[in-house]
Peer 1: 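Handing you this structure, nothing more for now.
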Amino acid sequence: MTRSLVLTVIGPDRPGIVDLLSRTVNEAGGNWLESSMSRLAGQFAGILRVEIDETKVAPLRAAIDALPGLRVIVDEGVDEEAPPGVQLEVVGGDRPGIVRQIAGILAARGVNVLRLETSRTGAPWSGGALFRANALIAVPAEVSLDSLRDELEAIALDLMVEVKLASE
């Protein structure tokens with residue numbers, strides 16, 4: 001019987017980390033299924049899902065614990081079908097509180113954030129900082145997309161950002 005494991009990895013960024021992780025998973029008999037990895041403030045930060053025979057979980061954990069310079073948390077995953085998602089995009093001048101205010105609206109309506117990617121770059125027209133967020137969210141059936149869109153657009157005026165909400 002196979003198990004699904006979720007690995008959270010962090011450590012000082014350097015070349016070869018993905019190779020080290022993939023080699024460790026492969027040599028233990030695991031199959032790398034999906035991942036998201038990034039360099040943040042000089043740190044390598046990643047999360048990945050591995051499928052492995054349950055008899056090989058302990059050796060994989062031991063091999064992962066021995067990886068130099070990395071902190072790795074291993075959690076049991078659940079194989080499940082992903083819920084249908086709705087794309088949410090937020091773009092505007094950067095300022096503190098954008099994520100907090102948008103996330104507050106989503107949480108209050110019972111909306112689950114399935115994936116979130118944010119970035120801050122230079123704004124070409126003003127020279128200031130441009131904030132961008134792309135999210136995949138699961139909206140409960142009892143929540144109207146139109147009412148959620150209206151609520152997000154109302155706060156977008158205060159935040160001075162553009163919000164787009166569209167079914168995937």
Side-chain angles (χ1 to χ4, degrees), residues 3-14 17-18 21-22 25 32-51 61 64 67 69-168:
R3 300 269 281 288
S4 183
L5 302 176
V6 176
L7 285 65
T8 306
V9 182
I10 190 163
D13 191 36
R14 65 183 189 275
I17 292 176
V18 174
L21 288 168
S22 63
V25 168
W32 183 303
L33 298 178
E34 54 190 320
S35 63
S36 179
M37 299 180 176
S38 188
R39 182 179 197 277
L40 300 170
Q43 295 289 309
F44 173 88
I47 188 165
L48 64 132
R49 183 169 73 109
V50 172
E51 184 178 70
R61 284 180 182 259
I64 286 169
L67 293 176
L70 296 175
R71 291 186 310 270
V72 183
I73 299 169
V74 180
D75 287 307
E76 293 287 328
V78 177
D79 289 327
E80 63 182 4
E81 189 173 320
V86 174
Q87 284 295 142
L88 171 63
E89 182 180 358
V90 179
V91 178
D94 186 37
R95 69 180 209 52
I98 295 173
V99 174
R100 183 192 58 80
Q101 290 187 305
I102 298 289
I105 290 172
L106 298 177
R109 305 298 289 304
V111 174
N112 189 18
V113 178
L114 304 173
R115 183 182 67 241
L116 173 64
E117 295 176 1
T118 64
S119 63
R120 186 175 103 163
T121 58
W125 62 87
S126 70
L130 180 68
F131 175 81
R132 180 178 306 272
N134 288 298
L136 182 64
I137 58 175
V139 180
E142 64 273 9
V143 175
S144 153
L145 276 182
D146 288 336
S147 66
L148 180 61
R149 183 179 291 109
D150 290 346
E151 197 170 345
L152 289 169
E153 286 176 355
I155 196 140
L157 294 174
D158 293 336
L159 294 172
M160 297 177 23
V161 297
E162 180 181 349
V163 175
K164 293 180 185 174
L165 186 66
S167 294
E168 193 176 53

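Excluded from the calculations below are hydrogen atoms, water molecules and symmetry mates; all remaining heavy atoms, backbone and side chain alike, are included.
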Peer 1: Can Ser147 and Arg109 be counted as having a side-chain donor-acceptor contact under 3.5 angstrom?
Peer 2: yes
Peer 1: For the pair Ser144 (side chain) and Asp146 (backbone), establish whether a donor and an acceptor sit closer than 3.5 Å, ignoring hydrogens and angles.
Peer 2: yes
Peer 1: If I compare all heavy atoms of Leu48 with all of Ser35, which pair ends up nearest, and what's the gap?
Peer 2: CB-CB, 3.6 Å
Peer 1: I need the minimum non-hydrogen distance between Ala135 and Leu116, along with the two atoms involved.
Peer 2: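 Residues Ala135 and Leu116, closest heavy atoms: CB-CD1, 4.0 Å.
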Peer 1: Can you find a heavy atom in the side chain of Met37 that is under 4.5 Å from one in the side chain of Leu21?
Peer 2: yes
Peer 1: Salt bridge check: are Arg132 and Glu117 linked by an N-O gap of less than 4.0 Å?
Peer 2: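 Between Glu117 and Arg132 there is no salt bridge, as every charged N stays at least 4.0 Å from the carboxylate O atoms.
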Peer 1: Between Thr118 and Ile98, is any pair of side-chain heavy atoms under 4.5 Å apart?
Peer 2: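 Result no, sub-4.5 Å side-chain heavy-atom pair not found.
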Peer 1: From Lys164 NZ over to Leu152 CG, what is the distance, rounded to the nearest 0.5 angstrom?
Peer 2: 14.5 Å
Peer 1: On a heavy-atom basis, which atom in Leu40 and which in Ala45 lie closest, and how many Å separate them?
Peer 2: CD1-CB, 4.2 Å
Peer 1: Considering only heavy atoms from C-beta outward, does the side chain of Ile105 approach that of Leu148 to under 4.5 Å?
Peer 2: yes
Peer 1: What distance do Leu88 atom CG and Arg115 atom CZ have between them, rounded to the nearest 0.5 Å?
Peer 2: 11.0 Å
Peer 1: Could you grab the distance from atom CZ of Phe44 to atom OG of Ser38, nearest 0.5 Å is fine?
Peer 2: 9.0 Å
Peer 1: How far does CD1 of Ile155 sit from CG of Asp150, to the nearest 0.5 angstrom?
Peer 2: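 Taking CD1 in Ile155 and CG in Asp150, the distance rounds to 13.5 Å.
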Peer 1: Grab the two heavy atoms, one from Gly11 and one from Leu70, that are nearest each other, plus how far apart they are.
Peer 2: CA-CD2, 4.0 Å
Peer 1: Does Leu136 reach the side chain of Gln87, with side-chain heavy atoms less than 4.5 Å apart?
Peer 2: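 Sidechains of Gln87 and Leu136: in contact.
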Peer 1: Under 3.5 Å, side chain of Arg49 to main-chain N/O of Leu33, donor-acceptor pair present?
Peer 2: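 Checked: no pair found.
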Peer 1: Taking all non-hydrogen atoms of both residues, which atom of Asp75 and which atom of Ile73 are closest, and how far apart?
Peer 2: OD2-CG2, 3.7 Å
Peer 1: From Leu159 CG over to Arg100 CZ, what is the distance, rounded to the nearest 0.5 angstrom?
Peer 2: 9.0 Å
Peer 1: Run the numbers on Ile137 and Leu165 for side-chain contact (heavy atoms from CB on, under 4.5 Å), then give the verdict.
Peer 2: CA-CA 10 Å; Ile137 58 175; Leu165 186 66; 3.8 Å; yes
Peer 1: Glu89 and Asn134: which non-hydrogen atoms are nearest, and at how many Å?
Peer 2: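 Residues Glu89 and Asn134, closest heavy atoms: CG-OD1, 3.4 Å.
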Peer 1: One pair to check against side-chain contact (heavy atoms from CB on, under 4.5 Å): Leu5 and Glu76. What are the steps and the verdict?
Peer 2: CA-CA 5 Å; Leu5 302 176; Glu76 293 287 328; 3.6 Å; yes
Peer 1: Assess whether atom CZ of Arg120 is packed by more than 12 heavy atoms of other residues, nucleotides or ligands within 6.0 Å.
Peer 2: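 Counting neighbours around CZ of Arg120, 12 or fewer heavy atoms of other residues, nucleotides or ligands fall under 6.0 Å, so no.
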